[in-house]
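Report on the structure given below.
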Amino acid sequence: QLQASGGGLVQAGGSLRLSCAASGRTFSSYAWFRQTPGNEREFVAYINWYGGSTYHADSVKGRFTTSRDNAKNTVYLQMSSLKPEDTAVYYCAASSFVPAQIVVMGAWAYWGRGTLVTVSS
């Protein structure tokens, strides 16, 4: 039901935009997480579909923004000023409601397949 895309290879300082398209339904909340080998998925960003409110992890605040396109039933993660430490597999997640703890991976019921972002130095 969730399809993430847009990953790729980019040089440090560059930009990428990830997309997460939902098929079959609209969810109330979406989030982006990322994961590097040997580590748990780390919260990156959140967006409320209906109100549009967003929240970003401190590590990406000011560099990443999250938005949505109602007509396309898609959320986006615009990543700018990318750093090598942003290299990870990025996952989108969704929920039918607003999770009490949006930064916790277990709070999200629906997940898309990851998309790899590689930032070279």
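What you see is a predicted model, and the numbers here were worked out from it, not measured in a lab. Any value given below was found using the heavy atoms of this structure, including those in side chains, with hydrogens, waters and symmetry copies removed.
Heavy-atom neighbours of Lys61 NZ from other residues, nucleotides or ligands within 6.0 Å: above the threshold of 12.
In this structure, Thr36 OG1 and Glu85 CD are separated by 11.5 Å, a value rounded to the nearest 0.5 Å. Note that the OG atom of Ser29 and the OH atom of Tyr46 stand 3.5 Å from one another [nearest 0.5 Å]. With rounding to the nearest 0.5 angstrom, the OG atom of Ser15 is 8.5 Å from the CE atom of Met79.
When side chains are defined from C-beta on, Trp111 counts as touching Met105, because their heavy atoms get closer than 4.5 Å. You'll find the side chain of Ile47 stays beyond 4.5 Å of the side chain of Trp32, heavy atoms only. Leu2 has its side chain within reach of Phe27: a pair of non-hydrogen atoms, C-beta onward, lies under 4.5 Å apart. Two residues are said to be in side-chain contact when any heavy atoms from C-beta on lie closer than 4.5 Å; Ser5 and Arg113 fail this criterion. Side-chain contact between Gln11 and Ser121 is absent, with no heavy atoms from C-beta onward closer than 4.5 Å. A 4.5 Å side-chain heavy-atom check between Pro84 and Ser120 finds every atom pair outside the cut-off. Side chains of Val117 and Thr87 form no contact here, defined as non-hydrogen atoms less than 4.5 Å apart. Within the 4.5 Å cutoff, the side chain of Cys20 has no heavy atoms near those of the Gln3 side chain.
A distance-only check finds no donor-acceptor pair linking the side chain of His56 to the backbone of Arg63 [under 3.5 Å]. Judged by distance alone, with hydrogens and angles left aside, the side-chain atoms of Thr115 form a donor-acceptor pair with the main-chain N or O of Gly7 at under 3.5 Å. Panel note: side chain Asn48, backbone Thr54; no donor-acceptor pair is recorded below 3.5 Å.
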- [ ] Would you please test Leu77 and Val44 for side-chain contact (heavy atoms from CB on, under 4.5 Å) and show each step?
- [x] CA-CA 9 Å; Leu77 182 68; Val44 176; 4.2 Å; yes
Open item on the list: Under the criterion side-chain contact (heavy atoms from CB on, under 4.5 Å), I'd like the reasoning laid out for Trp108 against Ile102: C-alpha separation, chi angles, the key distance, then a yes or no.
Closed with: CA-CA 8 Å; Trp108 298 89; Ile102 62 173; 4.0 Å; yes
Task: Check against side-chain contact (heavy atoms from CB on, under 4.5 Å), Tyr50 and Ser28 - done: CA-CA 7 Å; Tyr50 296 107; Ser28 294; 3.6 Å; yes
TODO: List the steps, then state whether side-chain contact (heavy atoms from CB on, under 4.5 Å) holds for Leu18 with Tyr76.
DONE: CA-CA 5 Å; Leu18 305 184; Tyr76 302 99; over 6 Å; no
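Geometrically, Arg25 engages Tyr110 in a cation-pi contact, judged by NZ or CZ lying under 6.0 Å from the ring centre and within 45° of the ring axis.
Ring geometry for Phe64 against Tyr90 counts as tilted: the plane angle lies between 30° and 60°, on a 0 to 90° scale. Below 30°, between 30° and 60°, or above 60°: for Trp49 and Tyr30 the angle between ring planes is between 30° and 60°, a tilted geometry.
Under a hydrophobic clustering in which Ile, Leu, Val, Met, Phe, Trp and Tyr are joined whenever their side-chain heavy atoms come within less than 4.5 Å, directly or via other members, Val89 and Val103 fall into the same cluster. Residue Val60 is grouped with residue Val10 when hydrophobic side chains (ILVMFWY) are merged at heavy-atom distances under 4.5 angstrom, including chains of intermediate members. Clustering ILVMFWY residues whenever any of their side-chain heavy atoms sit less than 4.5 angstrom apart, transitively, puts Val75 in a cluster other than the one holding Val98. In terms of hydrophobic clustering, with Ile, Leu, Val, Met, Phe, Trp and Tyr side chains grouped at heavy-atom distances under 4.5 Å, Leu9 and Val119 are assigned to different clusters.
No side-chain donor-acceptor contact under 3.5 Å links Thr74 and Asp69.
Ring pair Tyr91/Phe33: centre-to-centre distance not below 6.0 Å.
Between Arg68 and Gly51 the shortest heavy-atom distance is NH2-C, 4.2 Å.
Classification of Asp86 and Lys83 as a salt-bridged pair fails, no side-chain N sitting under 4.0 Å from a carboxylate O.
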